[in-house]
Amino acid sequence: MSRSLCTIREAGKRTGETVTIGCWLHRVRSSGKIRFLQLRDGTGYIQGVVARSEVSDEVWEASGKLTQESSLYVTGQVRTDERSKSGYELTVTGIELIQLASDYPITPKEHGVDFLMDHRHLWIRAPRQRAILVIRAEIIRAIQRFFDERGFTLVDPPILTPSSCEGTTNLFHTKYFDEDAFLTQSGQLYMEAAAMALGKVYSFGPTFRAEKSKTRRHLIEFWMIEPEMAFVGHEENLKVQEQFVEHIVQSVLVHCRPELELLGRDIAKLEKVKAPFPRITYDEAVRFLQENGHAFEWGEDFGAPHETAIAEHYEKPVFITHYPTAIKAFYMKPDPNRPEVALCADLIAPEGYGEIIGGSQRIDDPVLMQQRFREHELSEEAYQWYLDLRRYGTVPHSGFGLGLERTVAWICGLEHVRETIPFPRLLYRLYP
Ligand code: 4AD
Ligand code: MG
């Protein structure tokens, strides 16, 4: 197409000029001889003003027919306008309709969640949903910038795997020709191999958990960022995490302020997210829960209400460290002074958003690793390659995994993770 188009975002820098924008009609408001078109093109929103006295009959008629989500090319002069949110509007001189949309299902009235989820492919056009996806993209950019600037190498672990990383109960099974295969739960084991080759590495990719949990924090398919660092112990692992999370939140505050405001996010709460973060041990957390009326025994794992009770005491994310080895993954290094607990930490977000990071120092001793395979009934044969990492030049190393969607939910202040990913895969929901 030879037509030269301008985006709504660019239009702001071209006041006084006549531009053509490819867009959709979001809403229209009429007041006698003037029509206000709320137009959107993905980069933003602009109000197009059509004045009866200033346009041809064709343009006036076309503007009167427009329905929600009709697609069009609109031409007009960009003018600064103090009253509009963006600071500029468009004095419309031409309208070229692409398609008149009829009966767009998502109207300005309230819709139920199931209805919206069935129409997720259209729902993402809504201003709130757009804002969330813009913030999600900024978070991803911030993540990559953080690690790229600190000398980490991006490494992509496989998605089809022969064995499990986080336990066998929630694996998605599939056939790999004649063999059995599983969709990855975590790239960690491969990232450990990569750390032995490249030093500091990180991955960013989809992970899958066949969890029969229907909560506001669980997705079946979610994206994880998994850094892994050679010659790094537990203490330094936590330092990287708090700087990392601070960097993500502060980047969103710098680059996505209009989107946060549109979502009604309490920005003052995010501004407090600066390293260092508070730390408590699992033992302290258990004592705290017991003293506050929770029936909780040492050795149990925290559920969402426990995490929320603990997090409520802090304005920043809080690390819970040194969980019992028995309730954590097989690869976590036991504390040398107290082997019944592991050199690990979960990072719990404030405001009830729950665990956003799980991480640990890894076992580096081949003998202990073999013992863990037996205790966890993992086939030593399947993990020979993983044992090789401890056989040939083993070193202390640590890493962690940040769940992207829970991070987006927290930063955006959302009720449920289903809105944090373009097309959520939830329990019993695979459509659209
Ligand atoms: O705590 P998890 O299971 O840790 C791991 O997978 C480690 N192998 C990571 C590592 O050390 N490289 O998962 C890490 C994070 C959680 O803290 C949470 O934020 C997110 O992934 N997560 C989920 N997010 C959405 N839906 C689910 N079902 C999730 N399960 C975990
Ligand atoms: Mg975890």
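When a ligand or atom number is given, it counts from 1 through the structure's own listing order.
Every N/O-N/O distance between Gln185 and ligand 1 stays at or above 3.5 Å. Taking only nitrogen or oxygen atoms, main chain and side chain alike, Ser360 does not reach within less than 3.5 Å of ligand 1. Between Leu219 and ligand 1, at least one N/O pair is under 3.5 Å apart.
Residue Glu355: an N/O/S atom is found under 2.8 Å from the Mg ion (ligand 2).
The protein heavy-atom contact nearest to atom 21 (O) of ligand 1 is Phe222 CE1, 3.4 Å. The protein heavy-atom contact nearest to atom 19 (O) of ligand 1 is Ile356 O, 3.0 Å. Closest to atom 17 (O) of ligand 1 among all protein heavy atoms lies Glu355 OE2, 2.6 Å. When only non-hydrogen protein atoms are considered, atom 15 (C) of ligand 1 lies nearest to Gly401 O, 3.7 Å.
In this structure, Tyr331 has a heavy atom closer than 4.0 Å to ligand 1. In this structure, Arg362 counts as a contact residue of ligand 1, since one of its heavy atoms falls inside 4.0 Å of the ligand.
At a heavy-atom distance under 4.0 Å, only backbone atoms of Ile357 (N, CA, C or O) approach ligand 1. In His218, the parts holding a heavy atom less than 4.0 Å from any atom of ligand 1 are both the side chain and the backbone. At a heavy-atom distance under 4.0 Å, only backbone atoms of Phe400 (N, CA, C or O) approach ligand 1.
Counting the atoms of ligand 1 from 1 in the order shown, those under 4.0 Å from a heavy atom of Gly403 are 15 (C), 19 (O), 20 (C), 21 (O). Counting the atoms of ligand 1 from 1 in the order shown, those under 4.0 Å from a heavy atom of Gly358 are 1 (O), 9 (C), 10 (C), 11 (O), 17 (O). The distance from ligand 1 to the heavy atoms of Glu211 drops below 4.0 Å at these ligand atoms: 28 (N).
The heavy atom nearest to atom 25 (C) of ligand 1, considering only Met224, Glu226, Arg217, Glu228, is found in Arg217. Comparing Arg209, Glu192, Arg406, Glu166 against atom 13 (O) of ligand 1, the shortest heavy-atom distance belongs to Arg209.
Between His234 and His322, the ring planes are perpendicular. Angles over 60° get that label, and only those under 30° would be called parallel. Ring orientation note: the planes of Phe302 and Phe296 are close to parallel, at an angle under 30° on the 30°/60° scale. Between Phe172 and Phe208, the angle of the ring planes goes over 60°, which puts this pair in the perpendicular group of the 30/60° scheme.
Counting non-hydrogen atoms of other residues, nucleotides and ligands closer than 6.0 Å to CG of Asp103 gives a total of 12 or fewer. Annotation for Glu110: atom CD does not count as buried by contact number, only 12 or fewer foreign heavy atoms lying within 6.0 Å. Other residues, nucleotides and ligands contribute only 12 or fewer heavy atoms inside 6.0 Å of the CZ atom of Phe231.
Between Phe147 and Phe204, the ring centre distance reaches or exceeds 6.0 Å. Checked against the 6.0 Å centroid criterion, the rings of Phe423 and Trp123 do not qualify as a close aromatic pair.
You'll find the side chain of Leu39 stays beyond 4.5 Å of the side chain of Tyr45, heavy atoms only. Using a 4.5 Å cut-off on side-chain heavy atoms (C-beta onward), Arg141 and His255 make no contact.
A distance of 11.5 Å separates CD1 in Ile132 from CZ in Arg130, rounded to the nearest 0.5 Å.
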